Amino acid sequence: MSTDSKNADEVFIPADPSKERIRLKRKIGLLEGTAITIGAIVGTGIFISPKGIVESVGSVGLSLIIWVASGAVSLIGAICYAELGTSLPDSGGDYHYLFEAFGPIPAFLFMWTAAIVLIPCNIAILALSFAQYLIQPFFENYELPDESVRLIAASAISFLVVLNCWDVGASAKINNCFTFTKLLALALIISVGIVQIANGNHGNFTESFFKDSKWDPGSITLAFFSGIYAYGGANTLNYMTEEVQNPSKTLPRAIFLSIITVIVAYVLANMAYFSVMTPQEILDSDAVAVSFGIRTLGSFSWIISVFIVISTFGGLGVVIMQFSRLLFVGARNGHMPQILSFIQIHRLTPAPALIFMGLVSLIYLTTTNIYVLINYGGFVYNFAGFGIALSILYLRRVRPELHRPIKVPLIYPILYMILSVCLFGLPIYIAPVEAAVGCGIMLTGLPVYFLLVRPSEISDFILSGLNNILQPITKVIQKILVSVPEERELFENEDS
């Protein structure tokens with residue numbers, strides 16, 4: 001997928017377009033990094049359907065224990081990512097760490113699955129959810145018009161892609177506002193819950209605290225599965241390390257602050273829900289926060305719906321910001337078309353990667369099978385989690401000289417690896433067909449890798465023909481987007 005050095009020299013590059021180095025700028029400080037990570041973790045789940053754990057374990061008490069325990073396990077995983085992010089301080093997240101530890105093939109297979117399934121499906125689903133929540137109040141007694149939903153979703157994706165192309169700093173600051181709004185929504189729910197408990201609505205926390213608990217290993221495992229996914233997104237900043245100011249300090253601090261904040265917020269929000277709703281009422285509700293608002297806020301319950309819309313839109317923005325860097329780094333390593341590694345010379349953003357990701361996501365808006373596809377791709381993401389935990393242990397052995405600003409106790413990656421095996425194996429047991437299809441999608445990347453990526457006589461022959469087509473297209477895109485290859489430098493020793 002990459003061009004060789006001879007052909008790369010033929011790509012149009014403007015002469016001295018700027019006195020600045022053409023590279024991604026470090027515009028993400030501790031506040032922005034914390035907001036991005038919290039924004040990635042706190043999606044709509046805590047507002048819409050925080051019932052997966054209740055459904056699995058049955059009782060209020062055991063549900064709250066699982067929320068705390070899942071948060072603790074997620075914190076262990078986040079600490080592992082902090083070591084990798086500070087010792088391998090390039091962008092790309094999971095892809096970059098798999099590449100450094102185990103070579104190009106595992107990294108390419110992860111990126112291949114992410115690029116063709118995970119990223120565009122995730123973006124399309126978030127955009128559709130945002131559109132549905134946005135227009136739902138105008139169609140209370142009618143079916144939502146599908147064309148309108150998809151048009152609004154497409155508009156949201158397009159707007160956020162343009163915003164991220166324009167300025168990373170501005171996008172991060174806007175995300176700060178969205179994250180603050182999410183936390184404000186949780187604070188409102190928690191405050192109302194405290195008032196309810198203070199007024200004597202604490203029956204679920206006394207006589208029925210552990211009523212109907214399911215203590216069998218299968219139920220607890222399924223509950224953990226839901227809990228871990230609720231805390232997913234703690235590694236978001238690892239995909240953008242090259243844009244983080246002083247990453248050796250900012251990255252771990254942002255991750256730690258984010259996880260602790262979310263754990264406290266999630267546990268207190270669920271306690272608030274249980275202050276006015278029984279476990280069965282939570283299971284019967286399609287939108288728990290909305291039901292909670294109707295019972296406690298009366299005519300002001302619409303505020304919760306507004307918060308849900310804002311939360312969804314903010315989550316969409318974070319996903320677009322995060323995964324465009326995966327494509328950017330993959331192209332820089334020759335695993336994607338070269339143009340995706342170029343940077344807009346005036347805005348210093350990965351505009352080609354952002355636009356490509358946006359266009360593919362818009363294509364997925366035209367299909368009705370995206371929810372099925374995301375389940376297939378999720379299997380691969382769980383497999384990558386195992387590889388990340390293993391990479392820490394492997395790098396400790398083969399690269400002991402690697403500078404590690406943070407060096408976690410070995411028990412942490414071991415525990416995280418065991419958990420990843422469970423998360424990887426559970427879908428195989430519950431849904432073997434979906435797991436097999438997900439594995440098949442990942443393995444379709446092998447012929448692509450050997451025919452187009454790995455240097456060989458066959459790949460050189462194929463690429464020589466493709467380059468005759470791609471080079472003129474690359475030049476046109478460069479001129480339209482005013483983009484050039486990045487001027488690489490060593491980020492490891494840069495603190496600002």
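Treat the numbers as computed from the prediction; the structure is a model and nothing was measured.
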Main chain of Ala35, side chain of Thr179: is a donor-acceptor contact present, judged purely on distance under 3.5 Å? yes
Which word best sums up how the rings of Tyr416 and Tyr81 line up, parallel for under 30°, tilted for 30 to 60°, or perpendicular for over 60°? perpendicular
Met321 backbone acceptor or donor facing Ser324 side chain under 3.5 Å: yes
I need the minimum non-hydrogen distance between Lys182 and Gly315, along with the two atoms involved. NZ-N, 3.6 Å
With Glu243 as partner, the option from Lys27, Arg26, Arg325, Lys25 fulfilling side-chain contact (heavy atoms from CB on, under 4.5 Å) is Arg325
Closest approach of Ser59 and Ser213, non-hydrogen atoms and distance? OG-OG, 2.6 Å
How far does CZ of Arg23 sit from CG of Leu348, to the nearest 0.5 angstrom? 8.5 Å
So for atom CZ, which belongs to Phe209, do other residues, nucleotides or ligands contribute more than 12 heavy atoms lying within a distance under 6.0 Å? yes
Do any N or O atoms from the side chain of Thr236 and from the backbone of Gly233 form a donor-acceptor pair under 3.5 angstrom? yes
Show your working on side chain to side chain contact (heavy atoms under 4.5 Å, CB included) between Thr261 and Phe256 and close with a plain yes or no. CA-CA 9 Å; Thr261 300; Phe256 184 80; over 6 Å; no
Would you say that Ile263 contacts Tyr231 through its side chain, given a criterion of any heavy-atom pair below 4.5 Å between the two side chains? yes
Determine yes or no for a side-chain-to-main-chain donor-acceptor pair under 3.5 angstrom, with Asp167 supplying the side chain and Ala170 the backbone. yes
Any Ile304 side-chain heavy atom under 4.5 Å of Leu188 side chain: yes
Verdict with supporting geometry, Tyr266 and Val68, side chain to side chain contact (heavy atoms under 4.5 Å, CB included): CA-CA 9 Å; Tyr266 275 10; Val68 175; over 6 Å; no
Apply side chain to side chain contact (heavy atoms under 4.5 Å, CB included) to the pair Ile123 and Met357, showing each step before the final yes or no. CA-CA 9 Å; Ile123 292 173; Met357 184 181 62; 3.8 Å; yes
Quick check against the 3.5 Å criterion: does Thr474 have a side-chain atom that pairs as donor or acceptor with the backbone of Leu470? yes
How many angstroms lie between OG1 in Thr86 and CD1 in Ile255, if you round to the nearest 0.5 Å? 8.5 Å
Do Pro279 and Asp212 have side chains that get closer than 4.5 Å, going by heavy atoms? no
Within this structure, what is the CG-CZ distance for the pair Asn333 and Phe328, rounded to the nearest 0.5 Å? 10.0 Å
Given side chains that start at C-beta, do those of Asn175 and Glu32 come closer than 4.5 Å, heavy atoms only? no
Is the shortest heavy-atom distance from the side chain of Ile41 to the side chain of Ile259 under 4.5 Å? yes
Pair Tyr273 and Phe292, ring centroids less than 6.0 Å apart: yes
Run the salt bridge (Lys or Arg N to Asp or Glu O under 4.0 Å) check on Lys214 and Glu55 step by step: do they pass? CA-CA 10 Å; Lys214 302 175 184 176; Glu55 186 176 16; over 6 Å; no
Do Val484 and Ile343 make a side-chain contact, defined as non-hydrogen atoms from C-beta onward lying under 4.5 Å apart? no
Check step by step if side chain to side chain contact (heavy atoms under 4.5 Å, CB included) holds for Ile28 and Leu237. CA-CA 9 Å; Ile28 300 175; Leu237 210 58; 4.2 Å; yes
To the nearest 0.5 Å, what is the distance between CD1 (Ile308) and OG (Ser129)? 11.0 Å
Using the six-membered ring wherever Trp is involved, compare the ring planes of Trp112 and Phe108 and label them parallel, tilted or perpendicular (cut-offs 30° and 60°). parallel
Nearest heavy-atom pair of Ala272 and Ile189: which atoms, and what distance? CB-O, 3.3 Å
Check: Thr250 side chain, Pro247 main-chain N or O, donor-acceptor pair, under 3.5 Å: no
Taking all heavy atoms of Asn164 and all of Thr349, pick out the closest pair and write down the distance. O-CG2, 3.6 Å
Please find out if less than 6.0 Å separates the ring center of Tyr239 from that of His96. no
Parallel, tilted or perpendicular: which describes the rings of Phe313 and Phe130, with under 30° parallel and over 60° perpendicular? tilted
Donor-acceptor check, side chain of Asn122 to backbone of Leu118, threshold 3.5 angstrom: yes or no? no
Donor-acceptor pair, side chain of Arg253 and main chain of Leu30, under 3.5 angstrom: no
Measuring from Leu160:CG to Ile157:CD1, what's the distance to the nearest 0.5 Å? 8.5 Å
Do you know the tightest heavy-atom contact between Glu281 and Thr278? OE1-N, 2.9 Å
Would you give the length of the straight line joining atom OG of Ser483 to atom CZ of Phe342, rounded to the nearest 0.5 angstrom? 6.5 Å
Less than 4.5 Å apart, side chain to side chain, heavy atoms only: is that true for Leu419 and Ile228? yes
Is any side-chain heavy atom of Gln280 less than 4.5 Å from a side-chain heavy atom of Leu283? yes
Look only at the side chain of Ser171 and the backbone of Leu163, and say whether a donor-acceptor pair between them is shorter than 3.5 Å. no
Closest non-hydrogen atom pair, Pro120 against Ala115: CD-O, 3.4 Å
